[in-house]
Number of protein chains: 2
Amino acid sequence: MATPVDRRDVILERAADLFAKQGVAATTVREIAEAVGILSGSLYHHFASKDEIVDAIVTSFMEDLVTRYDAVLASESDPHAQLVGLVRASIATSAEHPHATEIYQNDARYLQADDGSAAVVKGARTVRSAWIQVLEGGAAAGVFRDDVPVKVVYPLLRDGLWLTARWFVPTRTYGYDELAADYVKVFVDGIAR
Amino acid sequence: MATPVDRRDVILERAADLFAKQGVAATTVREIAEAVGILSGSLYHHFASKDEIVDAIVTSFMEDLVTRYDAVLASESDPHAQLVGLVRASIATSAEHPHATEIYQNDARYLQADDGSAAVVKGARTVRSAWIQVLEGGAAAGVFRDDVPVKVVYPLLRDGLWLTARWFVPTRTYGYDELAADYVKVFVDGIAR
DNA sequence: TCCACCCTTCCAAGCGCTTGCTAGGGAGGC
DNA sequence: GCCTCCCTAGCAAGCGCTTGGAAGGGTGGA
């Protein structure tokens with residue numbers, strides 16, 4: 001018999017999958033319950049609301065991400081190394097939370113509309129400032145270009161990076177490490193030969 | 001008194017705005033009707049269903065995009081010029097259809113789940129092949145790098161580009177042309193100094 | 001060891017409300 | 001009179017969630 005912790009995790013996992021595929025609004029509690037193998041009323045034994053399920057998924061992802069970013073910035077000081085670290089941390093977090101990124105990308109409005117959870121809002125701010133700090137630091141140090149505003153560079157990097165969760169499927173010969181390396185090549189060196 | 005064409009356009013415009021902000025599933029026909037200034041039952045005089053509204057918005061955008069892409073590829077043969085052309089065409093189309101891009105990015109699953117409209121599916125294929133053609137042609141011509149697979153380069157470019165619709169707000173001194181130019185700088189030359 | 005009690009988890013039925021949409025009829029313009 | 005556009009009332013289906021009760025397992029005391 002599953003322990004309480006296990007069932008709760010299964011709900012989060014299945015819900016994350018459905019939310020990512022269909023969007024939060026279009027996913028019913030009945031669908032989530034069916035995917036878990038229980039009836040929808042039973043979900044409310046574990047979570048107070050559908051919103052709370054969403055929050056739990058995204059909060060877990062965001063906390064993991066912030067922890068990894070903090071570790072990168074604490075251990076690297078060279079802008080290029082920091083950038084590589086942030087990319088690797090992002091991709092590793094995305095791999096660890098296979099659907100949270102998709103939910104966050106697609107349903108950020110949903111979270112904001114409900115004023116989100118404090119942890120998510122705070123985490124998002126931390127994530128953004130990590131990147132801005134690295135890009136600005138790199139430009140100041142003469143490592144990164146400064147002719148394109150950081151407020152333009154950052155969203156281009158951000159969106160390319162986070163939407164890898166939507167299309168990337170690792171294979172035996174081309175995994176997350178290879179993706180991170182190629183991402184850095186494309187953005188740091190460009191596609192020109 | 002508004003002519004039928006005008007009212008229909010107003011519905012599409014208002015619906016596009018709401019769909020982009022909230023997602024298709026989370027936008028009710030009552031909200032759309034209210035934004036237009038009529039009651040929800042009246043929408044069905046102009047459109048057979050809510051889905052048809054979505055389709056009309058996305059189809060119009062996609063047709064415009066394909067037309068612009070075809071024009072670029074017909075008039076440029078140098079890979080770099082083609083890439084610049086595709087970028088400029090994408091950004092121009094995005095500016096012309098302020099919300100369709102957001103809908104397409106967020107609700108592509110929705111469209112696919114309903115087998116979408118033939119025009120959208122066909123258009124999406126055309127769009128993708130235009131990029132692949134340019135990237136592969138450029139690599140073969142020694143203009144673009146060939147050490148990173150095109151199937152990785154393309155989605156990075158694509159996502160950075162299309163999500164500009166989500167964050168970019170033109171100002172008097174930094175408009176769509178400047179964005180296109182900076183996008184090209186970032187992706188073609190990279191951010192390294 | 002056995003039994004009563006408690007807790008956890010779930011089922012089942014249903015609530016109040018919302019959704020996309022229908023169909024009948026009215027109003028205004030030509 | 002006819003046509004276009006809209007209002008109105010309401011339908012059927014479905015939504016997130018509540019509530020009462022059942023079932024199973026664990027624990028402690030006699």
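Reckoned from all heavy atoms, side chains included, excluding hydrogens, waters and symmetry mates. These figures come from a predicted structure and were not determined experimentally.
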Would you please confirm or rule out a distance under 4.0 Å between OP1 or OP2 of dT18(D) and any side-chain N or O of Y44(A)?
-> no
A48(A) or E31(A), whichever maps to the more 5' nucleotide of DNA chain D | E31(A)
In a check of side-chain contact (heavy atoms from CB on, under 4.5 Å) between I191(A) and each of V153(B), V150(B), V143(B), D146(B), which one passes?
-> V153(B)
Quick one: the side chain of R30(B) and the base of dG20(C), do they pair up donor-acceptor inside 3.5 Å?
-> yes
K50(B) NZ - dT19(C) P separation (whole Å) = 9 Å
Give a yes or no on whether the ring-centroid distance for F187(A) and W131(A) is below 6.0 angstrom.
-> no
Considering only Ile, Leu, Val, Met, Phe, Trp and Tyr, and joining two whenever side-chain heavy atoms are under 4.5 Å apart, list the other residues clustered with L163(B).
-> L163(A)
Describe the nucleic acid contact of L39(B) in one word from base, sugar-phosphate, nothing, applying a heavy-atom distance below 4.0 Å.
-> base
I38(B) atom CD1 is separated from dT4(D) atom C1', nearest whole Å, by 13 Å
From CG of D55(A) across to C1' of dG16(D) the rounded distance in Å is 16 Å
Nucleotide nearest V29(B) when distance is taken to its side chain, options dT8(C), dC17(D), dG20(C) = dG20(C)
Between W162(B) and F61(B), how do the two ring planes meet: parallel, tilted or perpendicular, split at 30° and 60°?
-> perpendicular
What nucleic acid atoms does T28(A) come within less than 4.0 Å of, heavy atoms only: base, sugar-phosphate, or nothing?
-> sugar-phosphate
Given atom CG of D6(A) and atom C1' of dG25(D), what is their separation to the nearest angstrom?
-> 16 Å
Return the value, rounded to whole Å, for the distance between atom CD of E52(B) and atom P of dG20(C).
-> 15 Å
May I ask you to evaluate whether R7(A) reaches the phosphate of dC10(C), defined as a side-chain N or O under 4.0 Å from OP1 or OP2?
-> yes
Whole-Å distance, L43(B) CG to dA23(C) C1', equals 16 Å
Looking at every strand, decide which applies to S49(B) at a 4.0 Å heavy-atom threshold: base, sugar-phosphate, or nothing.
-> sugar-phosphate
Give the rounded distance in Å between these two atoms: NE2 of H45(B) and P of dC21(C).
-> 16 Å
More than 12 foreign heavy atoms under 6.0 Å from CZ of R128(A): is that the case here?
-> no
Phosphate contact (dC6(D) OP1 or OP2) by H46(B) side-chain N/O below 4.0 Å = yes
Would you mind reading off the distance between I11(B) atom CD1 and dC21(C) atom P, rounded to a whole angstrom?
-> 13 Å
